[in-house]
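The structure appears below as structure tokens.
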Amino acid sequence: MQLLESSIEEKMIQQEQLNMPNNLSRLVLEESVYQQFAVIASCLLAYALLTNMRSEVDIKYYDQLLDNIEFRYTPPSRSTALIDLVVAGSIKPLSPNDLSKIKIRIFKKEVPLFESDEINRQLMLLGSSMRVFIFSGEHMLVNCVKEYLNIDTFPGSVDARFIIGYINWFSGTPFGQTYHFKKELCVSPFLSGHEPGFCIKDKIVIREELAIKTAGENAINHVFTHELLHQTTYALKANLPYGRFFWRDDLNMDILRFLSVPRSRDDIYQCFRDSYHNRLWEEYLLKYLPELYPHINYKEFVLDMDELLDSLIDKKLIVTNANGLLSSEYMLSAQGWYLI
């Protein structure tokens with residue numbers, strides 16, 4: 001299945017030939033990832049419309065979302081036009097069960113669609129705020145391994161839901177990752193337009209545009225609080241806090257991404273230390289969880305933002321300009337293709 005236009009493939013190759021990635025590298029990768037998932041979404045929609053899965057897609061919501069597309073490639077937004085393209089051979093229907101066979105082109109390689117962590121790692125290293133969230137990545141990975149070993153796979157249809165969009169500056173808590181989508185660029189046609197937030201195991205997903213549309217500006221804090229409690233409960237039951245000590249590394253990368261343009265310490269405090277994430281954590285969770293799970297040292301999860309910033313400055317990951325503003329070029333100039 002052809003997911004990438006030749007013009008974008010040429011841009012990818014041109015960037016790979018550079019000695020060091022740059023701002024254009026980030027934009028090219030974003031366009032590449034977006035287009036591939038937009039094609040996948042179109043093919044999934046075509047399959048749903050041509051089979052008995054039609055009732056599982058939200059055509060009205062999907063069409064509304066496509067009205068806000070910013071990239072040059074726009075998937076077909078009307079079912080009749082889509083069927084015409086299928087008949088003409090421009091779009092091939094894609095079954096959800098075949099998603100595990102799809103590979104996504106990123107810099108230097110192709111990765112299976114279910115390896116969204118690898119896709120997101122490249123986006124993160126290039127300073128991008130675009131992220132990919134795939135609902136059934138683990139499910140597809142297990143099925144792929146079982147097929148390789150000639151073991152029967154999980155019965156039933158694969159969960160074909162996914163979201164691609166731009167996330168907020170804060171991407172995690174001590175107990176798991178947070179995908180706070182401020183703007184959605186492409187979603188699976190199987191994704192409902194009625195859920196502004198949810199938690200899947202230790203991952204929180206917040207859909208800001210949908211939350212504001214359905215419940216107003218104040219809905220985001222409520223949605224996050226609700227899902228944070230789900231995430232924390234899951235993590236504690238699964239004993240995951242001990243595996244999330246690298247959340248500070250995630251936070252470091254978030255701050256470096258935030259400092260791609262010069263900002264003051266007050267800007268950083270307001271965005272991170274004083275964010276609703278941290279307030280909820282310190283004001284709510286630290287009051288009640290120690291009584292329920294006294295064996296965990298919760299002080300490990302309390303941020304000292306000044307200490308963190310000073311550490312990044314000492315490591316020369318952040319520089320201070322003549323005006324006292326902080327900035328970082330780590331995402332672009334301080335690392336090369338060997339990290340990608």
Side-chain angles (χ1 to χ4, degrees), residues 3-5 8-9 11-16 18 20-41 69-73 102-135 137-138 140-141 161-172 176-188 203-209 246-247 249-261 271-272 317 328-340:
L3 298 180
L4 205 57
E5 292 180 356
I8 300 180
E9 175 63 29
K11 292 180 185 178
M12 294 283 286
I13 294 174
Q14 289 173 0
Q15 292 301 310
E16 290 169 337
L18 298 176
M20 198 74 68
N22 53 40
N23 272 318
L24 183 56
S25 305
R26 171 178 59 80
L27 295 175
V28 169
L29 181 60
E30 288 181 352
E31 185 176 17
S32 172
V33 170
Y34 164 75
Q35 184 190 338
Q36 292 175 85
F37 276 94
V39 172
I40 291 170
I69 291 298
E70 293 181 346
F71 288 86
R72 181 168 53 85
Y73 178 88
I102 298 295
K103 291 191 175 182
I104 301 298
R105 168 76 156 97
I106 56 178
F107 284 130
K108 301 293 185 178
K109 55 190 168 184
E110 290 184 333
V111 297
L113 177 142
F114 52 77
E115 290 189 10
S116 57
D117 285 345
E118 184 65 17
I119 301 171
N120 287 332
R121 190 181 74 88
Q122 279 202 9
L123 290 166
M124 176 192 68
L125 287 173
L126 291 175
S128 173
S129 293
M130 178 185 283
R131 293 294 184 271
V132 176
F133 181 78
I134 299 175
F135 284 64
E138 294 179 2
M140 285 190 277
L141 173 59
R161 294 175 296 169
F162 57 76
I163 305 174
I164 292 86
Y166 292 121
I167 62 168
N168 199 2
W169 297 113
F170 202 104
S171 67
Q177 294 173 300
T178 298
Y179 293 82
H180 179 162
F181 287 103
K182 293 187 69 67
K183 183 172 184 59
E184 297 176 16
L185 296 172
C186 177
V187 302
S188 164
K203 295 180 175 63
I204 292 175
V205 176
I206 299 173
R207 307 173 67 189
E208 181 171 313
E209 292 175 312
F246 60 83
W247 78 285
D249 294 332
D250 294 346
L251 180 59
N252 288 347
M253 297 302 289
D254 288 337
I255 292 175
L256 296 179
R257 174 165 55 98
F258 183 68
L259 294 179
S260 59
V261 298
C271 182
F272 294 96
L317 297 176
S328 174
E329 295 184 351
Y330 170 78
M331 296 295 188
L332 298 176
S333 61
Q335 47 85 21
W337 288 115
Y338 71 94
L339 283 177
I340 300 296

Answer whether the closest heavy-atom distance between the side chains of M130 and R26 falls below 4.5 Å. no
As a quick check of understanding, evaluate side-chain contact (heavy atoms from CB on, under 4.5 Å) for Q177 and F133, giving each step before the final call. CA-CA 11 Å; Q177 294 173 300; F133 181 78; over 6 Å; no
NZ/NE/NH1/NH2 to OD/OE distance under 4.0 Å, E118 and K103: no
Any chance you could measure D254, atom CG, to T178, atom OG1, to the nearest 0.5 Å? 9.5 Å
Run the numbers on M253 and L125 for side-chain contact (heavy atoms from CB on, under 4.5 Å), then give the verdict. CA-CA 8 Å; M253 297 302 289; L125 287 173; 4.1 Å; yes
Within this structure, what is the CZ-CG distance for the pair R131 and N120, rounded to the nearest 0.5 Å? 6.0 Å
Non-hydrogen atoms of L113 and I134 that approach each other most closely: O-CD1, 2.9 Å
Report the C-alpha separation of F181 and E208 in whole Å, then their side-chain angles, then the decisive distance to 0.1 Å, and conclude whether the side-chain contact (heavy atoms from CB on, under 4.5 Å) test is met. CA-CA 6 Å; F181 287 103; E208 181 171 313; over 6 Å; no
CD (Q36) and CD (E5) are apart, to the nearest 0.5 Å, by 11.0 Å
With a 4.5 Å cut-off on side-chain heavy atoms, are L3 and F37 touching? no
I need the minimum non-hydrogen distance between Q122 and F107, along with the two atoms involved. NE2-O, 2.8 Å
Here the gap from E115 atom CD to K109 atom NZ, rounded to the nearest 0.5 Å, amounts to 8.0 Å
Using atom types as modelled and distance alone, determine if a side-chain donor or acceptor of R257 lies under 3.5 Å from a backbone N or O of W169. yes
Hey, could you give me the CZ/CD1 distance between R105 and I119, rounded to the nearest 0.5 Å? 12.5 Å
Atom pair CE (M124) and OG (S129), whose distance is rounded to the nearest 0.5 Å: 12.0 Å
Would you say the side-chain atoms of Q15 pair up with the backbone N or O of L24, donor to acceptor, closer than 3.5 Å? no
Determine, step by step, whether C186 and F162 satisfy the side-chain contact (heavy atoms from CB on, under 4.5 Å) criterion, reporting the C-alpha distance in whole Å, the side-chain angles of both residues, the deciding distance to 0.1 Å, and the verdict. CA-CA 8 Å; C186 177; F162 57 76; 4.2 Å; yes
Heavy-atom closest pair, residues S328 and L256: OG-CD2, 3.4 Å
